[in-house]
Amino acid sequence: MKPLEKLLEEHNLTLEEYERIKEILGREPNLVELGLFSVMWSEHCSYKSSRVHLAKLPTRGKYLIQGPGENAGVVEAGEKAVVFKVESHNHPSFVEPYQGAATGVGGILRDIFTMGARPVALLDSLHFGPLTQPKNRAIMEGVVSGIAGYGNPVGVPTVGGEVDFEEEFSHNPLVNVMCVGIADKDRIFYARAGKPGLSLIYAGAPTGRDGIHGATMASAEFGEETEHKKVNVQVGDPFREKLLIEATLEVMEKDLIVGIQDMGAAGLTSSSSEMASKSGVGVELYLDNVPLREDGMTPYEILLSESQERMLMVAKEGREEEIKEIFKKWGIDAVVVGKTTGDRRFRAKWKGEVVADVPVDALAEDAPKYKRPFVPPQIDQRTDEEWGRERDWEEALLKILSSPEMASRRWVYQQYDHMVQTNTVLLPGAGPAVLKIKGQKQAIALTIDANPSWGRANPKAAAILTVAEAFRNLATAGAEPLGISNCLNFGNPEKPEIMGQFVETVEGMKQALEFFAVPVTGGNVSFYNETQGRAIPPTLVIGAVGLVEDYRTIPRPERVGEGYGIYLLGWEGRDLGSSVYLRVVLGERGGKAPEIDLEKERVLHRELIRLAKEGKLSYAVDLSPGGLLPNLAEALFHIGKGAEISVETDGEAYLLFGESPSRAIVFASGEIETEIPSRKIGIVKGENLRVYLNGRKKIDLELEDLKSIWEGVFPRIFDH
């Protein structure tokens, strides 16, 4: 055996953790057992640096069915249940962009149908380095192709998302994927092992060597060399996943299983030990029975493999053959690989010998919990009157719309099948994704939001702003928020300044969610997003689900006609710090994050939802990054008509490009009556975008020309 120091380094375990393992076992662990603890005590599986802080988040709500602790969260939506979660596949997507992204999609799909839900939608939050660098272009192309290459064949539409560019993502792209499924409220399945003496059934693809120590890789920084880590990246097969979905849902429909768990991070080890621990039982695995696709695999490799498209089920007593027959019908292997026991041990056998024997709770529940030291993050408070001086606004708008920051994402989403299953109401880019629920008038609205620029400036404020933006986005479709999932993306938590960013982000998220009375249903923490000591900006990704009472009332661009009024609802501010305008037009990064008043934000949401329900809104868009003018232009592109805007203001830059929250643009055929600040800023008219400020015409551009520039950015970068 290798020297202890080398072994622990390879398994990403500290000497203190090793001593704790010895104390638990009362002896030295063998190599297989060391591998088990390595993956189960990894940051990715155990949340050992984050659990003490995540416990502060609100996890109860009036629509909540299942909160954190399961494969996915569940909320009530009318007569149905919505199952959803956000997960990350950041490290694999840097090492091998196509397969990293593809298997990220496959994994999050399994999290959803494991709960008994049919997946109906995917959304992505993608963050890359500047596209001026060939490596970043290659990563983005690979990631987008990987998402399309898995989601399209499996038949689940990608209906929304976002793409962001920051220098720090050059060596650490973020690939966060949200999946949403629909289930019957009384047919939710959980990761439970039942009682002793039940059969464990392995169903799905044969096990290979791909993905071994993938969870450990996701819990470490990258150095200069990453090629050798490609062995840690799984390889996906979406066609097998499609068959696995259908077979699994049929087994559930016939009520043949007690519990089920996806073999995701840490594979067979995590799925079996977590189910057993939650149920107060043990497991005994027969590794000789595990289907293998490679010769000479060892028990260590079988237990730690993260090969894709695999599930572990606990069969109801005497129903094993029925389960096998269903999977056989769908062309999927299903074999008994173990049983539940009454001794609360995790035991694995190979060729008649016990190769691992450890307390099951030691793997699943008793990982270390660290209260890592942290220091408050540095807050950027910079403002500058120079940022707000008058400039050529035509030139500024053209510069923003022709930059990757605000350009059309059509090149991305046209690679995805967003209409499969025929539930999509609002098309990508027109607002939050909205999907009908078959058989009822209610619809669900979905959004995924992040803003690393805010995170860099002020992590706590960024968290509050991101939650507010997600709910504002839902409100533009008339949707009330039901719950959120999240992914917290950070650098190395062993560095006090990074841990400080994380703690402040959780505090901000807690404050906003408690204010809006919306729970966290689950999520993911991705630490160690660093290469050669350079960390990503603190990036909180919020995936939110909302309920629309009647999909026929949803504001949408095709309902806007010539002569309709354009209104600015909400409270105006003077927030240019950390804005798109600052970065793209002025070439500066940083500056103070926008200020927010949550009470004003809540009132705006209520008014948007009320006006939508009453049929008073033809179309509405929240003022997300970019500010009023770029977001107005984008709305007009979807409407297909020009506009004439006329506004009196003492701060042109702040009005046109400021990113103050608690605002929305709405289009209506009649007057908007509301108690919150509201002013009519123009009308839908003609084929140009004309803007008059204080009586002077400042912008006059043909909308089709503007749209052509906006839509041509990514094709120009990638197709030529």
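Heavy-atom basis, side chains included; hydrogens, waters and symmetry copies ignored. Model, not experiment: these values are computed from the prediction.
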Practice problem: State, with a plain yes or no, whether a side-chain heavy atom of Arg110 is found less than 4.5 Å away from one of Val105. | Solution: no
Practice problem: Keeping the roles fixed (side chain from Ser277, backbone from Ser273), state whether a donor-acceptor pair exists under 3.5 Å. | Solution: no
Quiz item: To the nearest 0.5 Å, how far apart are CD in Glu284 and CG in Leu200?
Solution: 10.0 Å
Quiz item: Are Lys324 and Glu320 ion-paired here, with the side-chain N under 4.0 Å from a carboxylate O?
Solution: no
Practice problem: Given salt bridge (charged side-chain N to carboxylate O under 4.0 Å, His left out), test Glu79 with Lys185 step by step and report yes or no. | Solution: CA-CA 7 Å; Glu79 299 168 12; Lys185 285 188 282 192; over 6 Å; no
Quiz item: Atom CG of Leu303 and atom OG1 of Thr207: how far apart are they, to the nearest 0.5 Å?
Solution: 9.5 Å
Quiz item: Would you say Met252 and Ile257 make side-chain contact, with heavy atoms under 4.5 Å?
Solution: yes
Quiz item: Should the pair Asp357-Arg345 be classified as a salt bridge under the 4.0 Å nitrogen-to-oxygen rule?
Solution: yes
Quiz item: Between Lys22 and Glu19, is the closest basic N to carboxylate O distance under 4.0 Å?
Solution: yes
Exercise. State, to 0.1 Å, how close Ile108 and Lys85 come at their nearest heavy-atom pair, and which atoms those are.
Key: CD1-O, 3.5 Å
Quiz item: Going from NZ on Lys278 to CZ on Arg192, what distance comes out if it is rounded to the nearest 0.5 angstrom?
Solution: 5.5 Å
Quiz item: Would Arg293 and Asp210 pass as an ion pair if we require N to O under 4.0 Å?
Solution: yes
Quiz item: Cationic tip of Arg240 within the cone over Trp330's six-membered ring, i.e. under 6.0 Å and within 45° of the normal?
Solution: no
Quiz item: Is any side-chain heavy atom of Cys487 less than 4.5 Å from a side-chain heavy atom of Glu87?
Solution: no
Quiz item: Is the backbone N or O of Gly161 less than 3.5 Å from a side-chain atom of Asp124, with the two atoms forming a donor-acceptor pair by type?
Solution: no
Quiz prompt | Any Leu57 side-chain heavy atom under 4.5 Å of Met509 side chain | solution = yes
Self-check item: Nearest-0.5 Å distance that lies between atom CD in Gln308 and atom CG in Leu109
Solution: 10.0 Å
Quiz item: Between Lys329 and Glu246, is there a salt bridge with N-O shorter than 4.0 Å?
Solution: no
Quiz item: If you measure from CD on Glu241 to CD1 on Ile332, what distance do you get to the nearest 0.5 Å?
Solution: 9.5 Å
Quiz item: Stepwise, does the side-chain hydrogen bond (donor to acceptor under 3.5 Å, both in side chains) test hold for Asn90 with Asn176?
Solution: CA-CA 7 Å; Asn90 302 336; Asn176 290 188; 3.3 Å; yes
Quiz item: Within the distance-only criterion (no hydrogens, no angle test), does the side chain of Arg51 pair as donor or acceptor with the backbone N or O of Ser46 below 3.5 angstrom?
Solution: yes
Self-check item: Any donor-acceptor N/O pair, Glu70 side chain to Tyr190 backbone, under 3.5 Å
Solution: no
Quiz prompt | Main-chain N/O of Met115 paired with Asn71 side-chain donor or acceptor, under 3.5 Å | solution = no
Exercise. Kindly indicate whether the side chain of Lys62, heavy atoms from C-beta on, has any atom under 4.5 Å from the side chain of Leu482.
Key: no
Quiz prompt | Nearest-0.5 Å distance that lies between atom CG in Leu312 and atom CE in Met275 | solution = 4.0 Å
Quiz item: Can you check whether Thr114 reaches Phe189 side chain to side chain, under 4.5 Å on heavy atoms?
Solution: no
Quiz item: Ion pair present between Lys48 and Glu43, side-chain N to carboxylate O less than 4.0 angstrom?
Solution: no
Quiz prompt | Heavy-atom check, side chain of Val251 versus side chain of Leu249, under 4.5 Å | solution = no
Quiz item: Would Glu250 and Lys254 count as a salt bridge (charged side-chain N to carboxylate O under 4.0 Å, His left out) if you check the C-alpha gap in whole Å, the side-chain angles of each, and the deciding distance to 0.1 Å?
Solution: CA-CA 6 Å; Glu250 185 174 337; Lys254 294 184 176 174; 3.1 Å; yes
Exercise. Decide, yes or no, whether a salt bridge links Arg20 with Glu23 under the criterion of side-chain N to carboxylate O below 4.0 Å.
Key: no
Self-check item: From CA spacing to verdict: ring-ring contact (aromatic ring centres under 6.0 Å, His included), Tyr18, Phe37
Solution: CA-CA 9 Å; Tyr18 182 73; Phe37 281 102; 9.7 Å; no
Quiz item: Counting N and O atoms only, with roles assigned by atom type, does the side chain of Trp41 sit under 3.5 Å from a partner on the main chain of Ala362, one being a donor and the other an acceptor?
Solution: yes
